[in-house]
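This report refers to the structure that appears directly beneath it.
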Amino acid sequence: MRRIAVTADVFDAAHETQALQGGRTDVGAVVTFVGYCRDEAGTLTALELEHFPGMAEAELERIAIEAERRWPLLGLSMIHRHGLIRPGEPIVLVATASRHRAAAFAAAEFLMDFMKTDAPFWKREHRDGSAADPRSAEAWVEAKPTDDAAKARW
Amino acid sequence: MRRIAVTADVFDAAHETQALQGGRTDVGAVVTFVGYCRDEAGTLTALELEHFPGMAEAELERIAIEAERRWPLLGLSMIHRHGLIRPGEPIVLVATASRHRAAAFAAAEFLMDFMKTDAPFWKREHRDGSAADPRSAEAWVEAKPTDDAAKARW
Amino acid sequence: MKALYFAWVRERIGKGEEQLSPPSHVGTVGELIGWLSGRGDNYAYAFENASTIRAALDRTHARHDAPIAGVREVAFFPPMTGG
Amino acid sequence: MKALYFAWVRERIGKGEEQLSPPSHVGTVGELIGWLSGRGDNYAYAFENASTIRAALDRTHARHDAPIAGVREVAFFPPMTGG
């Protein structure tokens with residue numbers, strides 16, 4: 001099972017995990033990662049996620065297929081939201097199912113590392129202090145060198 | 001938040017994850033691992049988990065404290081079941097919350113690796129073929145060298 | 001050829017998409033960036049640090065030395081920050 | 001001193017717990033295993049591969065060279081297979 005979704009809606013992490021394992025007796029391990037919007041000590045009011053429709057889904061699928069090639073997965077889910085996301089809300093989910101835990105953990109980390117660097121999404125921060133010009137260029141989140149380093153592990 | 005539980009009851013993974021993040025705006029990443037009972041291609045009818053009451057909880061807590069010392073965690077849960085567990089049912093859950101994904105992933109793998117080798121639980125397999133003597137010594141699962149290797153990484 | 005711009009590349013150029021007809025000597029992604037940069041201050045600003053700009057050809061990541069012959073859609077955007 | 005046995009150690013010995021009063025020259029976990037092994041075929045069978053047997057003293061993992069003086073509870077069991 002491979003589930004890829006790019007959506008503006010809040011998703012239900014429990015439902016996604018359940019879809020991977022529910023009723024199966026060959027799955028021994030499910031790893032679920034959920035990334036949430038933080039409020040950065042109260043200074044961030046929202047994240048705005050821009051994406052490249054069409055390519056976003058295609059890129060997630062390419063990353064998923066590469067993970068399936070590298071590890072013996074029994075299922076995986078990748079969900080990425082776009083639009084306005086409030087602190088405390090989920091942004092992204094990755095879930096992997098396998099017979100054993102090593103493959104499920106490795107594949108989940110791989111999916112997240114590549115999603116960060118290769119999937120066409122861009123974050124802009126809405127902060128209280130910049131309310132006068134919430135769409136200023138300074139509000140775009142800069143890519144982190146640590147994300148490239150995380151990808152280079154694989 | 002540190003939640004440790006040793007229980008005979010089926011647990012709700014979604015509830016445990018929710019307890020770590022629900023309502024918080026400082027959590028950026030939650031990693032959840034759930035280990036399930038496999039039926040081994042239909043040959044296994046159940047796993048029976050024996051444990052050392054008292055020491056099991058104490059050992060899980062020692063492992064949790066060590067993870068909290070190594071990574072900046074905002075919460076963690078460790079649940080391990082004992083008793084009779086049927087294929088498809090969850091056996092163990094580990095969940096970690098942190099600001100960033102690297103710490104949450106590393107801590108979750110660390111908790112699982114040490115839980116496997118240090119927590120006093122022993123698995124016995126109930127198989128169709130050994131129904132005449134389901135309590136035979138041969139039914140005890142042997143410890144895997146790969147589990148010691150996984151622990152030695154840390 | 002259709003061009004798409006995202007995030008601050010889109011904001012600096014001032015539009016999200018347009019049709020491009022680059023001259024025939026523009027053969028690669030990098031050369032297309034160079035040609036676009038000469039079309040006005042907004043383009044020059046968007047591509048001022050050309051090496052940081054990412055490109056996709058027909059929705060697949062492409063390096064700056066990738067040929068653009070036969071490509072229907074090119075996209076330019078900053079390094080990605082999703083996840 | 002209370003002794004607890006788990007999994008196949010318990011099954012081979014034939015009981016889950018008992019009170020032990022080892023002689024004073026038995027000073028370590030390893031010496032206790034040796035002394036128990038001489039108490040009957042069931043103990044000898046349980047401890048036949050002594051190096052694989054794990055021990056806990058008052059609910060904390062202990063090596064075979066750990067002293068048992070002052071310990072209230074000792075537990076013997078196979079390598080753990082939870083998780």
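Every chain is numbered from 1, with letters handed out A, B, ... down the list of sequences. On a predicted model such as this, the values are computed, not experimentally measured, just so you know.
Residues B:Ala103 and B:Leu73 share a closest heavy-atom pair of O-CD2, 4.2 Å. For the residue pair A:Leu20 and A:Gly75, the shortest heavy atom distance occurs at CD2-C, 3.7 Å. In plain terms, the two heavy atoms of A:Leu44 and A:Cys37 that are nearest each other are CD2-SG, 3.8 Å. Pairing each heavy atom of B:Phe105 with each of A:Val31, the nearest pair is CE2-CG1, 4.2 Å.
With a 4.5 Å cut-off on side-chain heavy atoms, B:Val30 and A:Pro90 do not count as touching. Side-chain contact between A:Ile85 and A:Leu49 is present, with at least one heavy-atom pair separated by less than 4.5 Å.
In this structure, the portions of A:Ala108 lying under 4.5 Å from any heavy atom of chain B include both its backbone and its side chain. Heavy-atom distances place no part of A:Ala13 under 4.5 Å from chain B, backbone and side chain included.
The CZ atom of B:Phe121 sits 5.5 Å away from atom CG of B:Leu60, with the distance rounded to the nearest 0.5 Å.
Between chain B and the residues A:Gly23, A:Gly88, A:Ala14, A:Gly28, the most heavy-atom pairs under 4.5 angstrom are made by A:Gly28.
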Chain B against chain A: donor-acceptor pairs under 3.5 Å:
unit_1   : atom_1 : unit_2   : atom_2 : d
A:Gln21  : NE2    : B:Gly88  : O      : 3.1
A:Thr25  : O      : B:Asp39  : N      : 2.8
A:Thr25  : OG1    : B:Asp39  : OD2    : 2.9
A:Gly28  : O      : B:Tyr36  : N      : 2.9
A:Val30  : N      : B:Val34  : O      : 3.0
A:Val30  : O      : B:Val34  : N      : 2.9
A:Thr32  : N      : B:Thr32  : O      : 2.8
A:Thr32  : O      : B:Thr32  : N      : 2.8
A:Val34  : N      : B:Val30  : O      : 2.9
A:Val34  : O      : B:Val30  : N      : 3.0
A:Tyr36  : N      : B:Gly28  : O      : 2.9
A:Arg38  : NH1    : B:Arg99  : O      : 3.0
A:Asp39  : N      : B:Thr25  : O      : 2.8
A:Asp39  : OD2    : B:Thr25  : OG1    : 2.9
A:Gly88  : O      : B:Gln21  : NE2    : 3.1
A:Arg99  : O      : B:Arg38  : NH1    : 2.9
A:Arg101 : NE     : B:Asp113 : OD1    : 3.4
A:Arg101 : NH1    : B:Asp147 : OD1    : 3.4
A:Arg101 : NH2    : B:Asp113 : OD1    : 2.7
A:Asp113 : OD1    : B:Arg101 : NE     : 3.4
A:Asp113 : OD1    : B:Arg101 : NH2    : 2.7
A:Asp147 : OD1    : B:Arg101 : NH1    : 3.4

